[in-house]
Structure formats: structure tokens, C-alpha cells
Amino acid sequence: MRHPTVLAAVTVALVVAGMLLGVQPDNLHNGLLALSFAAVGDFVLRRRPGQREARLFLAAGAAEAVMFLGRQVGADPAAPLPGWAAEWLGWVGIWPLPLVLVLVGATVMCFPDGRFPGRLWRDAFRAMTVAAAVLAATSALWPVDYDRAGLVVDHPLGVPGASSASAFFDVAQPVCFTAFQLVWLACVVTRCLTAAPGEARQLRWLVAAVALSVLVLVAGLAASGSPRAGLLTVPLIPVAAGVAIVEASYESLVREVRSSAKRVVTAQDEARRRIERDLHDGAQHRLVVLGMELGRLVDRAETVGDTELAASASAARAQLLAATAELRHLARGIHPSVLTQDGLASALGTLADASPIPVHLIVDDAEPASPEVEATAYFVVSEALTNAARHSHASQVSVQVRRTRSSLHLDVSDDGGGGAVPDGGLQGLSDRVTSLGGRFTLTSPPGDGTALAVELPCR
Amino acid sequence: MTPLRVALADDAVLFREGLARILTDAGFEMVGQVGDGDALVRLVAADPPDVAVIDLRMPPTHSSEGLEAAAAIRAVAPGVGLLLLSQYVEAHHALRLMTDFEHGVGYLLKDRVSDLGVFGSDVRRVAAGEVVIDPELVRRLVARRREDDPLDALTERERAVLTLMAEGLSNTALSAQLHLSVKTIEAHVRRIFDKLGLRLDDREHRRVLAVLAFLRS
């Protein structure tokens, strides 16, 4: 089993052990906070191993669980443990509080990526840790915080000087804790102000959870004078943070998949362009030159009066021209050079010219789109016209292209028999459109024509 | 008779040299052959030939450098005939040529050079200020299906006249090709324009443009 899972399991075990002693309203939030930190930390680490913020969550959860169990034991007069054990456990539930608070604060400061937003904040964290260590040491040596936490056991160490320690602690603790909270608040506000859009979205989750928690706290204080309700909503904060982290990692995964799909399309187009260019510069030219030579041969044969040779050379030339025409057609199917030469409107015009069904073509493309978008538009119209000619029995096809600021819209519709299904060609084009982040909608009810709507984002 | 002088621009060396050879064989005089549009414009400006034979797709971008070179030549040497060759012939290129240039232009598929008799006469027609449009392109345009096709109203003879007219043939050339008198040809042309609802312009160039635009629309 992985270490994070072990740690989360230990955390849960500690909380469950504490719960067995009964519910103590003033300590409940510690147990819930431990559970939500551990659960969210483990959940996120399963999806994104090594995520730093989730590791902080696990650490905070474990620390909270230890404190929870200690306080459960120390505040329960009937705890089924020998007196000395109850004393030490209660002790463990009290003195780490300032340090645990700084750790929880670090999860807030480091949200969402598990790193401090800058050196200044890391230094602030170090200063807080030092202050918290002093408070924790004081609390470890003397029972300065026992009354507030409602502990019924005695402090296990009988160090003299308890009253001066209490005097120090009663002033130092509120001052430090207030300062801690101000630092966290300033840190989160700074991060919100400087966040990139994706991170800002994640921060919104956290800010919403904190706001809700504060609202309940204030409402609870106003209604019953107790922070209990407010403290019980604090465990929502790690849950919200976890949701934000998972959502963001899902979004970045989607972005990655999308951009890699787009790169595949672009690379494919580039390869097709190169093949077409090679055919044009190579084979096609050689064949034309060969045709020229055969033409000379025909001329010579005619000049010397060899009609038989002239006829066979002429037949060979006719064959060659047919082959050239086929190659030209093939090259055009690989990549329409007219698209790079003259733009989308002209390229679609050549498709309309070649269509056996009359085409009503309207192209409004004030602004050229990217090569892969234009190539996709061309191939979609080409395939749609081919399909219409083959299957639809339509008497007219309408092709409309509209360019808006953010996308290119294609509408191809015919008045044929309908019932078209996305077969090999159209399915491939649908995939291609999706790869570019676009939408592909085919509507073809039997007997009522076929309409194909494609939207391609252009940014 | 002094031989017609031809300049040649194509980045495919094999094709260019082959073409220069057959044009020389056919009695043309080569004034030079180059690999891109800029070099052609310099060559033509220095010593204007009768015809420039230009590849549509040339360096640096391999898009429509040939058309740009043609426009530049027309600006510096308006008397030079412009014959554009391409691996693909497209209606929109033909229309653009007919719109941008008033006379003495041609647009042919590269394959045409294999029939030297026809190609040679095409070069001469362009040199003489006539228009030459690739027959395959015209055939494709005429064969296009239209809704309530107005071409259905034409007789077979009229269709033939329309096709040859779109290829740029003059009335005299039409009369020779179809073995009809010029007067008969003129009557056919008037009737075709009436049936298609087009306005007849006496200038042959305008006539070709009108027919091509109609076939394309």
C-alpha cells in the first residue's frame, strides 16, 4: 500500500478511536477536519500522485487527528485508560495546537499548487512557525491552555512558574493567532489578485467555502454566542479545495488532449501539403515532360510519313494524359493547393464547379481562418457534396459559409431523400472537427433532406 | 516571316527546358527562360518578346506568382501576350484573367504542351491579342448542371458555338472551325446571347468574359 493511503488510514483510525469515547461538541470540528483533510488529500493523491497541496492536506489531517484523540481522552472523565495514560494523551491534544494551526494555515497559503506564492510568504511562514513553536513549548511545559479546552485531566509535568507562563500565554496567544490569520488572509488576497485565469477559478472555490464558513460563524455567534456551528463548517474548506484541485487537473487534462489532437490534425495537414507539393513538383512534371516528348515523337513520325508510329505514339500520349489527369485528381484530394493559393472561397468554388448537383454557394469569409480550419471546411464541403451526389437524389445543394469573430460556420443542406448516416468519410471529418474543438451536427430524417452544420472555432 | 519571340518562366527546370526545345523546334525564337516571376519581369522589361509563357505557381510561395508577374508585365510592356500554364485550371483564375487583362491572354493546362500543333497555334493566338481559355475548363463549365438550365434552350450547334466562344475563338476562327460563314456565326452568337439573356458586346474579350461568368454563375 502506498504511504499516503497508510497515513490517511491511520488518521481515520485515530478519529474513530476518539469517536468511540462519545461526542464532545467543542472538539467535534477537530475530528471532522482531520477526516476531511485526510480524505481529500488521499483522493487527490490517487488522481495526481505527488501533488504537493494534497500532501500538506494529509499532514494537516494526521496532526488534527492526534489532537482530536488527545482532547477526546483528556476531556472525558470516564475514559477507559489508566490515569497517567489519559494525562499524557490529553497533553498531546493540547500543546501542538499553535503548530497545527500554522500547518493548516500553510495549506491555505499554498493552495492550489502546494507552493508559497513567493519568498516573502515562505519567510512569513517560517516566522509563524517560530512563534508557534514558542507558544507550543510554553503549552507543553505548563497547563496554560487546559481550561479553555475543557480538559479534566491534570498536566503531566509539574514544572514551577505556571502563573507567569499563563500571564505570557494569555497575551501572546491571541496576538499571535490574530497575526497568523491576517497573514493568511493577505496571502490569499495577493494570490487572487495575481492569479492566472485557471488558478483564479480554483481560488473561487476556496474563497466561497471560507466565506460560507465565516458567514455561519458570525451567524452562530450572533444567534447563540457560540462559535460551534462556524467551526463545524470549517471541514468544508478542504473539501472545496479538493474539488477545485481535481477539477483543475481534469481541465488541464482536457486541454492537453485537445491541443494534442489539434497538433495531430496540423501535422497531418502539413504532411498532406508536402505530399501534394512533391507530386506537383515531381511526378506530375515528369509526366508532362514525357507527354511533351511523345508529342514530339508524333510530330516527327507525321513529318516522315510513318502513320503507324504516329498513331501508336498518339495513343500512348492519350493514355499518359489520362494518367496525368488521374494523378492530378488524386493530388487534389490529398491537399487542395487552390486553398493555399487562392483562399477558401475560391477553393469551395472549384468544388461547386465540379459538383454534378447544382450548388448554391454563399461564402462570407471576410477574414481568413487558420490553415487547418480552412482545410477542414474544404474537406467537409467536399465530402458532403460527394455524398449528396451519390446518395441523396437531391436537385439542389446549398452551401453557406459564415465567418464570425470567433468561429467559422458551415451549413450544407440538400433537398434530397435524407437518411444519411455518418459513414467512414463523414465520421472521419466529424472527428477532425472535434479535434479542432468544433461541433459537427448531421440532421438527415428519411425523406426530408440532409443538413450538415459545422462550427469551427478560430482563435 | 520573322519568328515569334517567346519568354518562358517556370521553376520546374525539366519542363521549362523541354518546352523551350519544342517551341524552338516549332519555329519560335526563345528570348530567355527563367525560374520565377521577378526574373521574368526583368527579362521582359529589358527585351519585350511577343509572348510570355508563365507558370501560375512559382517561387517563393508557390501560390499565384504567375498572375502577379503577368500584371507587372502588362504594366511595363502592354504589347506582350500573356499565356499562363497550370497543373490545374480553375474557373476563378480564368475569370480573374479575363477581368484583369483586356486582350492577349491565355490560360491552359500544362498538359496542352504535349500537342504541339495546337499549343503552337494557341501561342500565336495570344501573340495576336486573342484570348485562349483551356477547352477542358470550358467543357467542365458547360457540363455543369444548373437549375432550370438555360443551356437546355440552345440547339446543338449553338452549344458548340458557345463552347468555342468560351475558349476564346473569334468569329473568323469559329467560321473556319465549324465550316460556316461569318454571317451565320454572327447570327448564332446573337441568338445565344438572346436566349441566355446576356448583352452582346462587340469586343471579343468582353464576349468571352460574359460567357465564362454566365457559365460559372
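Residue numbers start from 1 in every chain, and the chains themselves are labelled A, B, ... in the order their sequence lines are given, proteins ahead of strands. Any value given below was found using the heavy atoms of this structure, including those in side chains, with hydrogens, waters and symmetry copies removed. These numbers were taken from a predicted model, which means no experiment stands behind them.
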How about Val189(B) and Val161(B): do any of their side-chain heavy atoms sit closer than 4.5 Å?
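Counting from C-beta outward, Val189(B) and Val161(B) do come under 4.5 Å.
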
Note, Gln33(B) side chain near Glu17(B) side chain (heavy atom, < 4.5 Å)
yes

Does atom NZ (Lys195(B)) have a neighbourhood of more than 12 heavy atoms from anything else shown, all under 6.0 Å?
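Above 12, so yes.
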
Over 12 non-hydrogen atoms of neighbours within 6.0 angstrom of CD in Glu29(B):
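Check passes, neighbour count above 12.
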
Does any donor atom in the side chain of [X] or [Y] lie under 3.5 Å from an acceptor atom in the other side chain?
X         : Y         : result
Glu374(A) : Ser370(A) : no
Asp415(A) : Ser395(A) : yes
Arg332(A) : His329(A) : no

Of Arg139(B), Arg216(B), Arg140(B), the residue whose pairing with Asp353(A) passes salt bridge (charged side-chain N to carboxylate O under 4.0 Å, His left out)
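Only match with Asp353(A) under salt bridge (charged side-chain N to carboxylate O under 4.0 Å, His left out): Arg216(B).
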
For residues 90-102 of chain B against chain A, heavy atoms under 4.5 Å, the residues are Glu90(B), Ala91(B), His92(B), His93(B)

Is the backbone N or O of Arg5(B) less than 3.5 Å from a side-chain atom of Asp50(B), with the two atoms forming a donor-acceptor pair by type?
yes

Keeping the roles fixed (side chain from Asp134(B), backbone from Leu109(B)), state whether a donor-acceptor pair exists under 3.5 Å.
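Here the side-chain-to-backbone pair exists.
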
Which answer fits Gln284(A), side chain, backbone, both or neither, if we ask what part of it has an atom under 4.5 Å from a heavy atom of chain B?
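Gln284(A) touches chain B through backbone and side-chain heavy atoms alike.
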
Please flag which part of Arg328(A) lies under 4.5 Å from any non-hydrogen atom of chain B: side chain, backbone, both or neither.
both

Of Thr163(B), Leu162(B), Leu196(B), which meets side-chain contact (heavy atoms from CB on, under 4.5 Å) against Val211(B)?
Leu162(B)

In terms of heavy-atom pairs under 4.5 Å with chain A, which of [options] leads?
options                                    : answer
Thr61(B), Ile22(B), Leu56(B)               : Ile22(B)
Leu19(B), Leu141(B), Asp11(B)              : Leu19(B)
Leu116(B), Asp115(B), Asp149(B), Leu215(B) : Asp115(B)
Lys110(B), Arg57(B), His62(B)              : Arg57(B)
Ala26(B), Ala12(B), Gly18(B), Ser114(B)    : Ser114(B)
Glu65(B), Glu136(B), Arg144(B)             : Arg144(B)

Partner chain B: residue of [options] with the largest heavy-atom pair count (under 4.5 Å):
options                                    : answer
Asp342(A), Leu294(A), Val338(A)            : Asp342(A)
Glu293(A), Arg277(A), Arg286(A)            : Arg277(A)
Ala354(A), Ala331(A), Ala325(A), Ser337(A) : Ser337(A)
Asp281(A), Val359(A), Thr350(A)            : Thr350(A)

Bottom line for Asp25(B): the part with an atom under 4.5 Å from chain A's heavy atoms is side chain

Quick one: is the NZ or CZ of Arg21(B) closer than 6.0 Å to the six-membered ring centre of Phe15(B), and within 45° of its axis?
no

